[in-house]
There are 2 protein chains.
Amino acid sequence: MDQSCEEIKQMIFMFKNIDRQVTQNFEKRTGISLTRYEILYTLLKCGQLSQIELQKKLKIDQAAITRHLKILEEKDFVFRNRNKQNNREVIVEITDRGKGILENCDSNRKQFFDELFHNFTTKEIQELQIMLKKLMDNSDKPHC
Amino acid sequence: MDQSCEEIKQMIFMFKNIDRQVTQNFEKRTGISLTRYEILYTLLKCGQLSQIELQKKLKIDQAAITRHLKILEEKDFVFRNRNKQNNREVIVEITDRGKGILENCDSNRKQFFDELFHNFTTKEIQELQIMLKKLMDNSDKPHC
DNA sequence: AGTCAATTGTTGACCAATCAATTGATAAGG
DNA sequence: CCTTATCAATTGATTGGTCAACAATTGACT
């Protein structure tokens, strides 16, 4: 019991560290922040999205979305326009420059990912995916 | 290949989200921030430590350590004194009040951990631990 | 129409981490 | 000794996230 509690604490510790390392190294290697990469990638895959749709997909605060998009717009990686049908919404779209950036960091990204999981079997990756989904579920759920 | 790249991206995404959720919920439930909990817990287990030793154990920036300890000291959860043998070092120790706080949040912490892993078998936890260690290793290693 | 509620985005204040520069203490080598 | 290098802690600036307050727009109900 206490044993497993200690183990869980250690796993949470590892989660935190892995996330930090991966986030830092991703940016060092590819030249773009992981979150902004995710935003661009999502826009590439989904086409036009409102900010709230982006927020729901990326699961980060809307304020953070607004600020990232402001920067991405300044760099000419996305453009934003109010939705004529619903002026509350801002429709975001990736630019050609944005697509270029994504392609640019593609090989570095791929290499980075490969190295991160180089000593994992396909079976392990499958199992890890399942467990991560369970943990996402469990940690999403509010306490009752 | 591309398939696995996409999967890895998703796993990294889940890592990030799990970490954020766990960190937030831990503080909501126990009333103490996860990092500061880790600091107090480490001090409880190890006794006196210099800040650099704490830094190495917790693997976060020394500047962050300094700031956390400042707050913990203000709340009277730790005390700090220069090492007489080596005045560069600050020796940190947990106070009785600090120990009390740890005990206080113990049941909430335990319950939180249990809920987080409630649908995991012992075997799964073992496998997860192994994979997390591998990922820690892989992400620590500098790129060459 | 007219009010009231809900939705969307923006902004400001805060927190936690990073890096870089600084200070003060010690160690090492001439 | 004295200089130089190294080490530990601190501080300031920056980044990326949270929440709360706000504004503007739309929807719903009478």
For atom CD of A:Q55 and atom P of D:dG16, their distance in whole Å: 18 Å

B:F113 six-ring centre to A:K9 NZ/CZ under 6.0 Å and within 45° of normal: no

Rounded distance in Å - CD (B:Q62) to P (D:dG12): 17 Å

Minimal non-hydrogen separation, A:N138 against B:E115, with atom names: ND2-O, 4.0 Å

Donor-acceptor pair under 3.5 Å, A:R20 side chain vs D:dG16 base: no

Whole angstrom value for the distance that separates C1' of D:dT15 from CD of A:E27: 9 Å

Earlier contact from the 5' end, DNA chain D, for A:S33 and A:N86: A:S33

Side-chain N or O of A:T35 closer than 4.0 Å to phosphate OP1/OP2 of D:dG16: no

Any B:Q24 side-chain N or O less than 4.0 Å from OP1/OP2 of D:dC19: yes

Residue closer to the 5' end of DNA chain C, A:A64 versus A:E89 (nearest nucleotide): A:E89

Comparing A:R36 and A:N87 on DNA chain D - which has the more 5′ nearest nucleotide: A:R36

Value in whole Å for how far the C1' atom of C:dC15 lies from OH of B:Y37: 21 Å

Touch class at under 4.0 angstrom, heavy-atom based, for B:D61 against every strand present: base

Contact under 4.0 Å: A:H68 side-chain N or O vs D:dT15 OP1/OP2: no

Rounded distance in Å - NZ (B:K84) to C1' (C:dT26): 16 Å

Lys/Arg cation over aromatic B:F120: A:K134, 6.0 Å, 45° cone: yes

Nucleotide C:dT26, atom P - distance to CZ of B:R82 in whole Å: 10 Å

Position toward the 5' end of DNA chain C (nearest nucleotide), B:R88 or B:A63: B:A63

Between CD on residue B:Q126 and CE on residue B:M131, distance to nearest 0.5 Å: 11.5 Å

Modelled atom types, side-chain donor and acceptor of B:E53 and B:S50, under 3.5 Å: yes

Side chain B:R67 and base D:dG12 donor-acceptor under 3.5 Å: yes

Any B:T66 side-chain N or O less than 4.0 Å from OP1/OP2 of D:dA9: no

Spacing of B:Q85 atom CD relative to D:dA8 atom P, expressed in whole Å: 16 Å

Sugar-phosphate, base or nothing in reach of A:Q51, heavy atoms under 4.0 Å: sugar-phosphate

Separation of D:dT10 C1' from B:L54 CG (nearest whole Å): 16 Å

